[in-house]
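Numbers restart at 1 for each chain; the letters A, B, ... are given by sequence-line order, proteins then strands. Remember, predicted model here, so these are calculated numbers, not experimental data.
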There are 2 protein chains.
Amino acid sequence: MELLSVSLGVYYGDFTIAAASENLTASQGRALTALRRGPAAMRALADTMTCDASNMTGIIDRLEKRGLVRREAGASDRRVKNVILTPEGERVADAIRAKMHTTHDGLDRLGAEDRCALYALLERVFTTAPTPTP
Amino acid sequence: MELLSVSLGVYYGDFTIAAASENLTASQGRALTALRRGPAAMRALADTMTCDASNMTGIIDRLEKRGLVRREAGASDRRVKNVILTPEGERVADAIRAKMHTTHDGLDRLGAEDRCALYALLERVFTTAPTPTP
DNA sequence: TATTGTTATACTCTATAACTATA
DNA sequence: TATAGTTATAGAGTATAACAATA
């Protein structure tokens, strides 16, 4: 119970801070984090982040404008556009993830191993794996 | 750990849903919930919700336009405006709270007593008591 | 001078609806 | 017809800066 009160909000809050440290909003950070697992179609990304497809256009537009992702036409279905992390995007995504793992605020009383497991769990809840479209 | 993964997001998510069921955004719901404990100055509300004071103006404007809160000049300090729930505002705030306590999604495995304690805890974390200004 | 609250401005997120190009 | 993605539009949250009234 104690653990819970300490942890609630910490992940969301820390994530927002971690993303902000790279001059990104939480949504942009989430998209980048989801893309760490590989390319994903716009539609899949929107599903992952449970937002309307039109939102993804804007979010990805801003990330693309900053050179963190790029769009690539789908091979089999030419309607599809797959979003891919650029090397710089990978760097930023990794930086966010690293910051998440070294931010202990409010989780000090957890052992390193538990905290690691905890973050893995939260990360999974936070960004479900998008389904890449071939 | 299980409990945590289940509970994370549930409170925020359920709260957003509960607020939406009253046609309110999460921020509006939070302000209303904070005001359940009594009147609060704009500044105190902004501190509670950790947002800029200028945001509170807009949020309270919208709540006031719908008759859920009203502004009242501070007695001792005439710069201050205290925000107060109207009877309708109280009804809506209570409805949100009631909905939060009857929404079990993802918390089924918790006993009623535990769930009650859990929500009390989360509610405290979610909306710290604002400091009313006399 | 410092503080409270507001206004003006700008950016982002969000959803809905209408559109295109594919399938 | 249905789907993927975009555009246009509108409402809400957010922060910064400038301002009036008060302390």
Side-chain angles (χ1 to χ4, degrees), chain A residues 12-13 15-17 19-32 34 39-66 68-84 130-134, chain B residues 12-13 15-17 19-20 22-32 34 39-66 68-84 127 130-134:
Chain A
Y12 281 95
F15 190 88
T16 302
I17 291 170
S21 74
E22 296 290 333
N23 282 311
L24 295 172
T25 64
S27 290
Q28 291 168 343
R30 281 181 74 188
L32 238 48
M42 295 295 292
R43 162 68 43 184
L45 273 177
D47 288 345
T48 293
M49 298 183 52
T50 46
C51 68
D52 192 83
S54 61
N55 299 338
M56 283 316 306
T57 300
I59 293 169
I60 295 301
D61 276 354
R62 289 168 209 118
L63 290 175
E64 193 171 34
K65 198 177 301 180
R66 288 176 49 176
L68 302 180
V69 302
R70 61 188 169 83
R71 286 172 165 97
E72 197 171 75
S76 56
D77 187 336
R78 281 187 350 207
R79 289 173 305 179
V80 168
K81 282 180 192 167
N82 285 314
V83 185
I84 307 170
T131 323
T133 307
Chain B
Y12 281 95
F15 189 88
T16 302
I17 292 170
E22 296 290 332
N23 283 311
L24 294 172
T25 64
S27 289
Q28 290 168 345
R30 280 182 75 189
L32 239 49
M42 295 294 292
R43 163 69 42 185
L45 274 176
D47 288 346
T48 293
M49 299 182 53
T50 45
C51 68
D52 193 82
S54 61
N55 299 338
M56 284 315 306
T57 300
I59 293 170
I60 295 301
D61 277 354
R62 290 169 207 118
L63 290 175
E64 193 171 33
K65 198 177 300 180
R66 288 176 49 176
L68 302 180
V69 302
R70 60 188 170 83
R71 286 171 164 96
E72 197 171 74
S76 57
D77 188 334
R78 281 186 353 206
R79 292 173 304 180
V80 169
K81 282 182 192 166
N82 285 314
V83 185
I84 307 171
T127 52
T131 324
T133 307

Atom pairs under 3.5 Å, N or O on each side, protein against nucleotides 18-23 of chain D: can you list them with distances?
{"from": "D:dA23", "atom 1": "OP1", "to": "B:Arg78", "atom 2": "N", "distance (Å)": "3.0"}

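- Residues B:Pro39 and B:Ile84 share a closest heavy-atom pair of CB-CG1, 3.9 Å.
- Between B:Ala53 and B:Ala46, the shortest heavy-atom distance links the atoms CA-CB, 3.9 Å.
- Nearest approach of A:Gly29 to A:Ala19, heavy atoms of both residues: CA-CB, 4.4 Å.
- Side-chain contact between A:Ile60 and A:Lys81: absent, with no pair of heavy atoms (C-beta onward) separated by less than 4.5 Å.
- You'll find the side chain of A:Val83 stays beyond 4.5 Å of the side chain of A:Leu63, heavy atoms only.
- Rounded to whole Å, the distance from CG on B:Leu24 to P on D:dG11 is 17 Å.
- Atom C1' of nucleotide D:dA12 and atom CE of B:Met49 are separated by 12 Å, given to the nearest angstrom.
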Mind listing the N/O atom pairs, protein and nucleotides 6-9 of chain D, below 3.5 Å?
{"from": "D:dT6", "atom 1": "OP1", "to": "A:Arg71", "atom 2": "NE", "distance (Å)": "2.8"}
{"from": "D:dT6", "atom 1": "OP1", "to": "A:Arg71", "atom 2": "NH2", "distance (Å)": "3.2"}
{"from": "D:dT6", "atom 1": "OP2", "to": "A:Thr57", "atom 2": "OG1", "distance (Å)": "3.0"}

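- With rounding to whole Å, B:Asn23 atom CG is found 13 Å from D:dG11 atom C1'.
- For the pair A:Ile59 and A:Met49, the tightest heavy-atom approach, listed with the atom from each and the gap, is CD1-CE, 4.4 Å.
- To the nearest 0.5 Å, atom CG of residue A:Leu45 and atom CZ of residue A:Arg43 are 11.0 Å apart.
- Between B:Met56 and B:Cys51, the shortest heavy-atom contact is SD-SG, 3.8 Å.
- Here the side chain of A:Glu64 pairs a donor or acceptor atom with the backbone of A:Arg71 at under 3.5 angstrom.
- Heavy-atom minimum distance, A:Arg66 versus A:Asn23: NH1-O, 2.6 Å.
- Close approach of DNA chain C to chain A, defined as any atom under 4.0 Å from a non-hydrogen atom of the protein, starts and stops at C:dT12 to C:dA23.
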